There are 2 protein chains.
Amino acid sequence: MSAEKSGKTTTVEAMLGLLSGGPLSGYEIKKRIGESIGNFWSESFGQIYPTLKRMVAEGLAKVEDDQGTGGRERKRYRLTDAGRNRLGEWLTLPAMDQVPRNELLLKLFFGNRAERDDMKKLVETKKAELSADLKRFEAIEARIAATYAGHPGLPYWLMTVRYGKAEAVGLIAWCDDCLGTFKEML
Amino acid sequence: MSAEKSGKTTTVEAMLGLLSGGPLSGYEIKKRIGESIGNFWSESFGQIYPTLKRMVAEGLAKVEDDQGTGGRERKRYRLTDAGRNRLGEWLTLPAMDQVPRNELLLKLFFGNRAERDDMKKLVETKKAELSADLKRFEAIEARIAATYAGHPGLPYWLMTVRYGKAEAVGLIAWCDDCLGTFKEML
DNA sequence: TAGCACATGTAATAAGTTACATGATTTT
DNA sequence: AAAATCATGTAACTTATTACATGTGCTA
């Protein structure tokens, strides 16, 4: 009924999702992101605090004043029913992915303007990063599978981790393919 | 020598790369992007025209006044030596990739707040998109391999296309894995 | 003559990061 | 006593998209 001026700010939805597990403060949201969705999502304090304020104004969350570990200031935000509904609606909407800018591919596309070995190094560096990522994802997978056995969220959390794994595996193969091409370019 | 206030604006570098193949107008740059790096890079007119102006101010390019197909206005920009050098330097610098926001994974991460079938549909849609992408990339690969046989840029252009293919293949496998998980979740 | 492709640019808006400003509490 | 962590928030800046404003020339 209220005039919605909302654009397509997924920041709200990300925070809605995080708050759906129980009330959190802005500071906790930031930390929680790093521990959970940090591999494919990020928010800065400059976004979090104003967004929290907006969410309260729109009736999606309410503040729960609360003292932290000591007498420290701490405002916890709890989802309202409106907030929970909004999350539910958003979840069923198709996910849109924008064309992400890929700087490595941009450089590679202009590769013939540079030294072959410099371009090769770019790919080698990428491969090393991907290998490290893969290892990290495998560790996360094993850890959460053990820690959250039986939890209804686990299958979904595993899917997100395995996405990272699948992407890394695919791109490591691509790196090897490129490295083969560089060998032929001698 | 001049005071460089430049941040990390890869927009300039993308345009430097495009101009390295010969002078282009702003309009042509936009079109060219769609025909070449459009699958992993994009620029809007709102970026292109002001950036072109900045590049001239920084001595990276110069204007070549020119009438277009008819008496239409058209300014073509040609790289200067400084521009070519700047491109060369940038190409050897390591590519940094930011954590891209992945809306599909964000939804999936909160999947247990929604209906299993809605989440399944999200993955099915993604798989369909990836399959279409894969087909498209294969067509591009075949086309450029035939069209630019022997061209020194070809190995690099193929690398960028094959990146898309490798990613799609990896993620299609991931989709199938997810679909298997959904079956088990019944 | 209407519509589309060509062509350039600006203004408004959106979305986000980084740096700044402030202060309490806990740990070393 | 210093440093790290907890905690909230704002201001300045950056980057990019979309809509607007304007006009030419070709084609159906």
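Note that the structure is a prediction, hence the values are computed from the model and not measured. All chains are named by letter (A, B, ...) in the order of the sequence lines, taking the proteins before the strands, and each is independently numbered beginning at 1.
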Across all chains, not counting sequence neighbours, the side-chain contact (heavy atoms from CB on, under 4.5 Å) partners of A:Asp118 are A:Glu115, B:Thr92

Side-chain H-bond candidate by donor/acceptor type, B:Glu28 with B:Ser25, under 3.5 Å: yes

Measure the distance from NZ on A:Lys30 to P on C:dT18 and round it to the nearest whole Å. 9 Å

Which residue is it: A:Glu43, A:Arg32, A:Lys30? I am looking for the one with a side chain to side chain contact (heavy atoms under 4.5 Å, CB included) to A:Leu18. A:Arg32

Rounded to the Å, how far apart are A:Ile29 CD1 and D:dG9 P? 11 Å

Please state how far atom CG in A:Leu24 lies from atom P in D:dT8, giving the value in whole angstrom units. 11 Å

Report the distance from atom CD1 of A:Ile48 to atom P of D:dG9, rounded to the nearest whole Å. 12 Å

So, does A:Lys75 get its side chain near the phosphate of D:dG9, meaning an N or O under 4.0 Å from OP1 or OP2? yes

So does A:Thr9 get a side-chain nitrogen or oxygen closer than 4.0 Å to the phosphate oxygens (OP1/OP2) of C:dA14? no

Return the set of residues passing ring-ring contact (aromatic ring centres under 6.0 Å, His included) with B:Trp157 (not counting sequence neighbours), or none when no residue passes. A:Phe109, B:Tyr148, B:His151

Please tabulate the protein-to-nucleotide N/O contacts below 3.5 Å involving nucleotides 17-19 of chain D, giving atom names and distances.
| from | atom 1 | to | atom 2 | distance (Å) |
| --- | --- | --- | --- | --- |
| D:dT17 | OP1 | B:Ser42 | OG | 3.4 |
| D:dT17 | OP2 | B:Ser44 | N | 3.4 |
| D:dT17 | OP2 | B:Ser44 | OG | 3.0 |

Gap between atoms CD1 and P, on B:Ile33 and D:dA16 respectively (whole Å): 12 Å

Quick one: on DNA chain C, does A:Thr11 or B:Lys53 contact a more 5' nucleotide (nearest heavy atom)? B:Lys53

When rounded to whole Å, the OH to C1' distance for the pair B:Tyr27 and D:dG25 reads 12 Å

Tell me whether A:Thr160 contacts the main-chain N or O of B:Leu105 through its side chain, where contact means a donor paired with an acceptor under 3.5 Å. no

Assess, by modelled atom type and distance only, whether the side chains of B:Arg113 and A:Ser20 contain a donor and an acceptor separated by less than 3.5 Å. yes

Report the distance from atom OH of B:Tyr49 to atom C1' of D:dA21, rounded to the nearest whole Å. 14 Å

Tell me whether the guanidinium CZ or amine NZ of A:Lys107 lies under 6.0 angstrom from the six-membered ring centre of B:Trp90 and within 45° of its axis. yes

Separation of atom CZ in B:Arg74 from atom P in D:dT24, rounded to whole Å: 17 Å

The side chain of B:Arg72 lies closest to which of these nucleotides: D:dT5, D:dA16, D:dG25? D:dG25

